[in-house]
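Given the structure is predicted, the values throughout are model-derived calculations rather than measurements. Residue numbering restarts at 1 for every chain, and letters A, B, ... go by the order of the sequence lines. Note: hydrogens, waters and symmetry copies are ignored here, and every other heavy atom, side chains too, is used.
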Amino acid sequence: MILSTVKSPTHTLARVFLGLLAVALVPAYAEAQSADIPRTASGRPDLNGIWQALGNAHWDIEPHQARAALQMVPGPIVPVPAPEVVSFGAVGAVPPGMGIVEGGEIPYLPQALATREANRESWVTLDPVVKCYLPGVPRATYMPFPFHIFQSERAFFITYEFAGADRNVYLEDPGEPQVDSWMGQSVGHWEGDTFVVEARGFTGQAWLDRSGNHASYQLRVTERYTMTSPYHILYEATLEDPSTFSRPWTIRLPLYKHIEDGARIGVFKCVEFVEELLYGQYRKVP
Amino acid sequence: MTLRFYGFLFVLGLGIAAEGLIAPAAAQAPSRSASGWVAPRTADDRPDLQGNWSNATLTPLQRRSGRAKVLTTQQVDDIEHGRESVVIERSAASDPDRDAPEAGGTNPICIDAPTTCYNEVYIDPGTRVAIVNGEPRSSLITVPANGRIPALTDEARLRIAESRDFNSQFGQYDHPEVRPVAERCLISFGSNAGPPMLPNGWYNNNYTIVQTADHVLIMAEMVHDARIIRIGDGPRLPPDIRPWLGDSWGHWEGDVLVVETTNLHPLQQYTSEKMKVTERFSRVAEDALLYEFMIDDPTTYAQPWGGQVPMKDLGEKLYEYACHEGNYALSNILMGARYQETVDADANRD
């Protein structure tokens with residue numbers, strides 16, 4: 001649509017080029033954008049509802065083939081699952097995934113890459129989500145749990161089933177975050193039909209997936225929520241963190257709307273479920 | 001009031017169960033006040049309940065004996081200035097030459113002494129008594145008329161006794177499960193997220209409300225608990241699914257949002273599997289909501305009970321209450337008890 005405004009024949013080449021670029025950068029998602037999507041009273045895309053990512057990004061956001069476990073140790077012939085996770089068998093094996101990172105690879109600085117490898121070697125001990133800690137941003141989006149967006153004319157709030165994580169996305173910028181937090185401070189605005197959220201003020205403790213990918217407290221995430229149909233959101237997030245990455249990088253994945261009757265997010269207060277993990281060693285022994 | 005309040009909650013919190021409720025016809029809130037103020041409305045033409053609100057108050061849940069429903073000017077003055085002077089006294093600079101504080105700290109204020117104690121720095125129960133319909137109130141409870149939680153039924157007494165008997169086989173620091181739910185970071189102390197949503201007499205009595213045509217979301221700052229209230233009708237949860245904040249369904253009666261909740265979690269305050277909570281939310285002023293609640297549970301209480309709680313514009317942001325992520329206390333409490341046991345065992349050997 002934008003390209004059709006370019007009238008001059010001398011721009012034909014540019015049109016073709018831009019067209020190819022658009023196709024390359026924004027896969028088929030953009031086709032349906034702004035057509036047939038529900039809208040609020042003020043004409044904004046209506047993102048209200050329960051959404052969830054499909055796929056295997058929560059295991060590893062980079063492209064990966066299947067592997068036997070998240071945490072491996074050397075074996076006599078090939079690496080084998082670590083003792084801490086071996087009893088999970090096939091349930092603990094990592095399914096393959098095409099990844100959600102644009103370009104495939106996260107541009108880590110060398111030290112940060114070393115940290116990722118160390119994280120991976122001690123996954124079950126170090127992954128904060130194992131302890132039911134808040135998942136952070138953007139990980140909350142593609143956890144294998146749904147989340148509920150509440151959008152009114154005055155507010156935009158996301159509550160996630162996993163650990164009951166919440167984000168109040170402010171529509172007016174309150175300025176510098178007053179305190180670091182697991183889910184960060186989020187400020188949203190509309191760019192056309194895309195809801196853009198700037199999130200910062202993180203503790204730096206949250207990971208990005210189960211494979212040890214990580215960022216620091218300097219992380220800034222720019223998320224873009226674009227409805228491409230009544231049932232799909234194209235979710236894009238650009239991560240900037242000069243102490244961890246050599247350049248900003250972007251993830252991109254579709255979110256799917258729950259359309260079943262009576263759909264609701266459940267209550268998954270996993271704090272209770274990890275008490276044995278965290279406190280079992282301090283129980284009184286009769 | 002705070003300590004008695006918690007004492008009560010602790011007793012009831014040991015695993016009571018309860019049954020159905022009937023909302024009284026609470027006063028319909030005016031959408032237009034005498035002064036001509038008109039409640040702001042949402043895009044779907046409902047009163048706008050959205051914003052950040054606080055139900056902190058110096059008015060206790062239950063009325064003290066000897067007080068009428070409405071406080072006298074002198075009583076209001078005593079309560080509010082009494083609290084103010086406590087704050088001033090406890091906020092005074094410490095004497096740098098003082099001796100070590102007594103075990104448990106200086107002026108400890110305890111939920112569960114001696115392990116769950118705070119000092120004045122952490123306490124923010126509010127600075128004013130609750131004012132409803134222009135009346136300074138002596139208690140949040142208004143039904144029954146004596147402002148007190150009604151007597152427990154025999155069935156409830158039996159449940160409490162059985163629960164107490166079961167728990168008596170454990171020392172209070174033996175296992176994480178015997179510690180209070182707030183210490184375990186499962187939910188707030190008190191009943192912040194509720195329902196009923198009550199001030200905890202402690203701190204962080206803050207809420208964010210977001211309202212759409214088919215949902216109302218209420219996030220309690222405490223333990224970032226988000227209640228999702230579904231507006232209209234739909235499939236209820238089966239009886240054996242009892243999430244922490246229950247199953248809440250709302251409808252509008254004129255300009256009042258009425259919410260009915262069942263299926264509350266067994267470890268929630270006040271609950272039984274039969275309990276029903278009915279809440280009424282009204283926008284009564286630019287800077288205030290009126291929150292009303294009724295608890296109906298004939299298996300637990302001799303009669304339904306409920307009350308009125310003003311919610312004032314907080315005028316501030318809420319922050320992430322990441323309780324569990326920083327819960328060093330629970331490890332230390334249990335670890336300390338195990339250490340004490342080894343010390344005691346050594347002493348007995350000597």
Quiz item: Taking every heavy-atom pair that is under 4.5 Å apart, which of A:Thr203, A:Val267, A:Asp166 has the most such pairs with chain B?
Solution: A:Asp166
Quiz item: Does the side chain of A:Leu70 come within less than 4.5 Å of A:Asp60's, by heavy atoms?
Solution: no
Quiz item: Parallel under 30°, tilted from 30 to 60°, perpendicular over 60°: which one fits the rings of A:Phe195 and A:Tyr225?
Solution: tilted
Practice problem: With a 4.5 Å cut-off on heavy-atom pairs, point out which of B:Ala226, B:Ala337, B:Pro243, B:Gly234 contacts chain A the most. | Solution: B:Ala226
Self-check item: Region of A:Val179 that comes under 4.5 Å of a non-hydrogen atom in chain B
Solution: side chain
Exercise. Would you please classify the geometry between the B:Tyr321 ring and the B:Tyr203 ring as parallel, tilted or perpendicular, with 30° and 60° separating the classes?
Key: tilted
Quiz item: Which answer fits B:Leu245, side chain, backbone, both or neither, if we ask what part of it has an atom under 4.5 Å from a heavy atom of chain A?
Solution: neither
Quiz item: In residues 120-132 of chain A, which residues are in contact with chain B at a heavy-atom separation under 4.5 Å?
Solution: A:Lys131, A:Cys132
Practice problem: Among B:Asp214, B:Thr208, B:Val210, single out the residue with the greatest number of heavy-atom pairs under 4.5 Å to chain A. | Solution: B:Val210
Quiz item: Which region of B:Met219, side chain (C-beta onward) or backbone (N, CA, C, O), has a non-hydrogen atom less than 4.5 Å from a non-hydrogen atom of chain A, or is it both or neither?
Solution: side chain
Quiz item: Taking atom types as modelled and ignoring hydrogens, do the side chains of B:Thr42 and B:Asp48 form a donor-acceptor contact shorter than 3.5 angstrom?
Solution: no
Exercise. Examine whether an atom of A:Glu153 lies under 4.5 Å from a heavy atom of chain B, and if so say whether it belongs to the side chain, the backbone or both; otherwise answer neither.
Key: side chain
Quiz item: Can you tell me if A:Trp182 and B:Glu320 form a side-chain donor-acceptor pair at under 3.5 Å?
Solution: no
Quiz item: What part of B:Asn327 is in contact with chain A, defined as an atom under 4.5 angstrom from a non-hydrogen atom: side chain, backbone, both or neither?
Solution: both
Please report, to 0.1 Å, the donor-acceptor pairs under 3.5 Å made by any side chain of residues 278-285 of chain A, with sequence neighbours excluded.
unit_1: A:Arg283; atom_1: NE; unit_2: A:Glu276; atom_2: OE1; d: 2.8
unit_1: A:Arg283; atom_1: NH1; unit_2: B:His175; atom_2: ND1; d: 3.0
unit_1: A:Arg283; atom_1: NH1; unit_2: B:Glu177; atom_2: OE1; d: 2.9
unit_1: A:Arg283; atom_1: NH2; unit_2: A:Glu276; atom_2: OE1; d: 2.8
unit_1: A:Arg283; atom_1: NH2; unit_2: B:Glu177; atom_2: OE1; d: 3.4
unit_1: A:Arg283; atom_1: NH2; unit_2: B:Glu177; atom_2: OE2; d: 2.8
unit_1: A:Lys284; atom_1: NZ; unit_2: B:Glu341; atom_2: OE2; d: 3.2

Quiz item: Do you know which of B:Ile241, B:Leu237, B:Val216 has the most heavy-atom pairs with chain A at a distance under 4.5 angstrom?
Solution: B:Leu237
Quiz item: Which pair of non-hydrogen atoms, one from A:Asp180 and one from A:Phe202, has the smallest distance, and what is that distance?
Solution: CG-O, 3.5 Å
Quiz item: Taking atom types as modelled, is there a side-chain donor on B:Ser248 or B:Arg227 under 3.5 Å from an acceptor on the other?
Solution: yes
Quiz item: Aromatic ring centroids of A:Phe156 and A:Phe150 under 6.0 Å?
Solution: no
Quiz item: Can you check whether A:Pro230 reaches A:Lys257 side chain to side chain, under 4.5 Å on heavy atoms?
Solution: no
Quiz item: Charged N to carboxylate O below 4.0 Å: is that the case for B:Arg179 and A:Glu275?
Solution: no
Self-check item: Structural part of A:Phe157 lying under 4.5 Å from a heavy atom of chain B
Solution: side chain
Exercise. Using a cut-off of under 4.5 Å on heavy-atom pairs, state which of A:Ala155, A:Ala41, A:Ser152 scores highest against chain B.
Key: A:Ser152
Quiz item: Taking atom types as modelled, is there a side-chain donor on A:Thr238 or A:Thr222 under 3.5 Å from an acceptor on the other?
Solution: no
Quiz item: Considering only heavy atoms, which portion of B:Gln211 lies under 4.5 Å from any heavy atom of chain A: side chain, backbone, both, or neither?
Solution: backbone
Quiz item: Is chain A contacted by the side chain of B:Arg338, its backbone, both, or neither, given a heavy-atom distance below 4.5 Å?
Solution: side chain
Exercise. Go through the steps for B:Asn204 and B:Asp124 under the test side chain to side chain donor-acceptor pair (under 3.5 Å), then give the verdict.
Key: CA-CA 7 Å; B:Asn204 278 12; B:Asp124 181 23; over 6 Å; no
Self-check item: Residue selection (most heavy-atom pairs with chain B, distance under 4.5 Å) from A:Met183, A:Gln205, A:Arg167, A:Gln185
Solution: A:Met183
Quiz item: Under a 4.5 Å heavy-atom cut-off, does chain B meet the side chain of A:Thr159, its backbone, both or neither?
Solution: side chain
Practice problem: Answer yes or no: is there a side-chain heavy-atom contact under 4.5 Å between A:Ile265 and A:His258? | Solution: no
Practice problem: Under 4.5 Å heavy-atom distance to chain B, tell me which part of A:Arg264 shows up: side chain, backbone, both or neither. | Solution: both
